[in-house]
Amino acid sequence: MEEEDIVRADIAPGGRFPDYELPDHTTTRRSLGALQGSDPMVLVLSRGHYCPKDHKQHLELAAAYSKIAVAYTRIVTISTDNILETREFRASVGAEWTFLSDAGRKVQKDLDIQEYTDPHHDPMIPHTLVLKPGLVIHCVYNGYWFWGRPSFEDLRRDLREVTREIRRDWDLAAPGLREAWQMGDRSAFYPDEDLDPSLRAA
């Protein structure tokens with residue numbers, strides 16, 4: 001994967017993506033950090049409903065969503081669409097994840113990613129980011145041209161690397177894990193760390 005520059009130097013691997021708060025497709029204000037929780041996240045910065053390239057990318061993500069969801073991974077899409085267009089975009093591609101509306105161009109302006117070649121729609125340059133927990137950037141794809149966008153296999157590779165790094169129970173043969181489990185210490189095992197003690201596996 002070739003990492004493409006965007007203007008803000010901190011929007012790069014190892015940096016932290018801003019915790020924007022925007023209205024979702026139901027008009028509820030949501031922050032990226034709250035949507036991510038303790039999971040990896042695929043964040044799509046989208047042109048929006050009008051763009052056929054964005055539709056194709058989102059149809060592919062929707063087709064792979066059951067795999068993404070079962071892997072405890074989140075997806076969020078942000079576009080410059082208004083709420084109605086955001087809702088229609090989400091419905092038209094059969095997406096089950098949260099879409100956020102940035103009709104005021106807050107993200108576009110803050111990241112300095114205005115797509116100046118399209119003054120009519122005034123979108124942001126499309127990007128796809130893979131984020132570790134805490135909105136830490138693992139990688140960035142510049143999707144101005146469609147082939148710059150990640151395939152599902154690209155995302156699978158990226159998310160494998162991220163999950164291996166952040167999940168202490170990636171390899172159950174790792175020293176100490178079996179002993180911790182047998183002693184009732186579930187802190188290294190997902191999803192037990194996020195559950196009420198009464199709901200944890202016996």
### Query
side-chain contact (heavy atoms from CB on, under 4.5 Å) between Arg149 and Lys56: does it pass, once the steps are laid out?
CA-CA 11 Å; Arg149 303 176 189 216; Lys56 183 61 177 174; over 6 Å; no
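- Within the 3.5 Å criterion, the main-chain N or O of Glu85 finds a donor-acceptor partner in the side chain of Asn82.
- Between Ile137 and Ile11, the shortest heavy-atom contact is CD1-CA, 3.7 Å.
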#### Entry: Working for side-chain contact (heavy atoms from CB on, under 4.5 Å), residues Tyr144 and Arg47
CA-CA 9 Å; Tyr144 180 71; Arg47 285 189 179 107; 3.4 Å; yes
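- Residue pairs satisfying the ring-ring contact (aromatic ring centres under 6.0 Å, His included) criterion with at least one member in residues 91-114, sequence neighbours excluded, are listed as follows: His58-Phe99, Tyr65-Trp97, Phe89-Phe99, Trp97-Phe99.
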### Message
Would Leu32 and Leu131 count as a side-chain contact (heavy atoms from CB on, under 4.5 Å) here? Give the steps.
### Response
CA-CA 11 Å; Leu32 288 176; Leu131 304 177; 5.8 Å; no
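- Expressed to the nearest 0.5 Å, how far NZ of Lys132 lies from SG of Cys139 amounts to 9.5 Å.
- No donor-acceptor pair under 3.5 Å is formed between the side chain of Thr28 and the backbone N or O of Asp24.
- Under a hydrophobic clustering in which Ile, Leu, Val, Met, Phe, Trp and Tyr are joined whenever their side-chain heavy atoms come within less than 4.5 Å, directly or via other members, Leu45 and Met41 fall into the same cluster.
- Here the closest non-hydrogen pair linking Asp185 and Ser187 is OD1-OG, 2.7 Å.
- Put simply, OG1 on Thr73 and CD on Gln36 are 10.0 Å apart, with the number rounded to the nearest 0.5 Å.
- Separation of atoms OG1 (Thr77) and CG (Leu43) is listed at 8.0 Å; rounding is to 0.5 Å.
- Residue Phe17 is grouped with residue Leu22 when hydrophobic side chains (ILVMFWY) are merged at heavy-atom distances under 4.5 angstrom, including chains of intermediate members.
- Atom CD1 of Ile75 and atom CG of Leu61 lie 5.0 Å apart (nearest 0.5 Å).
- Residues passing the side-chain contact (heavy atoms from CB on, under 4.5 Å) test with Glu179, sequence neighbours excluded: none.
- Looking only at distances, no side-chain donor or acceptor of Arg16 sits under 3.5 Å from a matching main-chain atom of Leu135.
- Both Val42 and Val93 belong to a single network of hydrophobic side chains, linked directly or stepwise wherever heavy atoms of I, L, V, M, F, W or Y lie under 4.5 Å apart.
- In the hydrophobic clustering of this structure, Val76 does not group with Val130; members are Ile, Leu, Val, Met, Phe, Trp, Tyr whose side-chain heavy atoms approach within less than 4.5 Å, directly or through other members.
- Looking at Arg105, its side chain does come within 3.5 Å of a backbone N or O of Ala103 through a donor-acceptor pair.
- Counting only distance, with no hydrogens or angles, the side chain of Gln108 and the backbone of Ile125 share no donor-acceptor pair below 3.5 Å.
- Shown here for Leu177 and Ala188, the closest heavy-atom pair between the two residues is CD2-CB, 3.8 Å.
- To the nearest 0.5 Å, atom SG of residue Cys51 and atom CG of residue Asp81 are 10.5 Å apart.
- In this structure, Asp19 contributes its side chain and Gly33 its backbone to a donor-acceptor pair below 3.5 Å.
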#### Entry: Verdict with reasoning, Tyr20 to Leu111, per side-chain contact (heavy atoms from CB on, under 4.5 Å)
CA-CA 11 Å; Tyr20 295 113; Leu111 300 184; 3.3 Å; yes
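- Side-chain atoms of Arg74 never come within 3.5 Å of backbone atoms of Asp39 as a donor-acceptor pair (strictly under, hydrogens ignored).
- Of the candidates Asp154, Thr128, Asp158, Tyr141 forms a side chain to side chain donor-acceptor pair (under 3.5 Å) with just one, namely Asp158.
- Minimum interatomic distance between Pro40 and Arg167 (heavy atoms only, all atoms of both residues): CD-NH2, 3.6 Å.
- Within the 4.5 Å cutoff, the side chain of Lys109 has no heavy atoms near those of the Asp102 side chain.
- Remark: side-chain polar atoms of Thr86 are not paired, donor with acceptor, to backbone N or O of Leu100 under 3.5 angstrom.
- Scanning both residues, His49 and His55, for their nearest heavy atoms gives O-NE2, 2.9 Å.
- The OG1 atom of Thr80 sits 7.0 Å away from atom OH of Tyr50, with the distance rounded to the nearest 0.5 Å.
- Here the closest non-hydrogen pair linking Val107 and Met124 is CG1-SD, 4.1 Å.
- A continuous path of ILVMFWY side-chain contacts below 4.5 Å connects Val162 to Val44, so both sit in one hydrophobic cluster.
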### Message
Show, in sequence, the C-alpha distance, side-chain angles and deciding distance for Arg156 and Glu153, and conclude whether the salt bridge (charged side-chain N to carboxylate O under 4.0 Å, His left out) test is met.
### Response
CA-CA 5 Å; Arg156 179 193 290 272; Glu153 289 309 312; 3.5 Å; yes
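- Residues Thr163 and Tyr72 form no side-chain contact, since every pair of their non-hydrogen atoms from C-beta on lies 4.5 Å or further apart.
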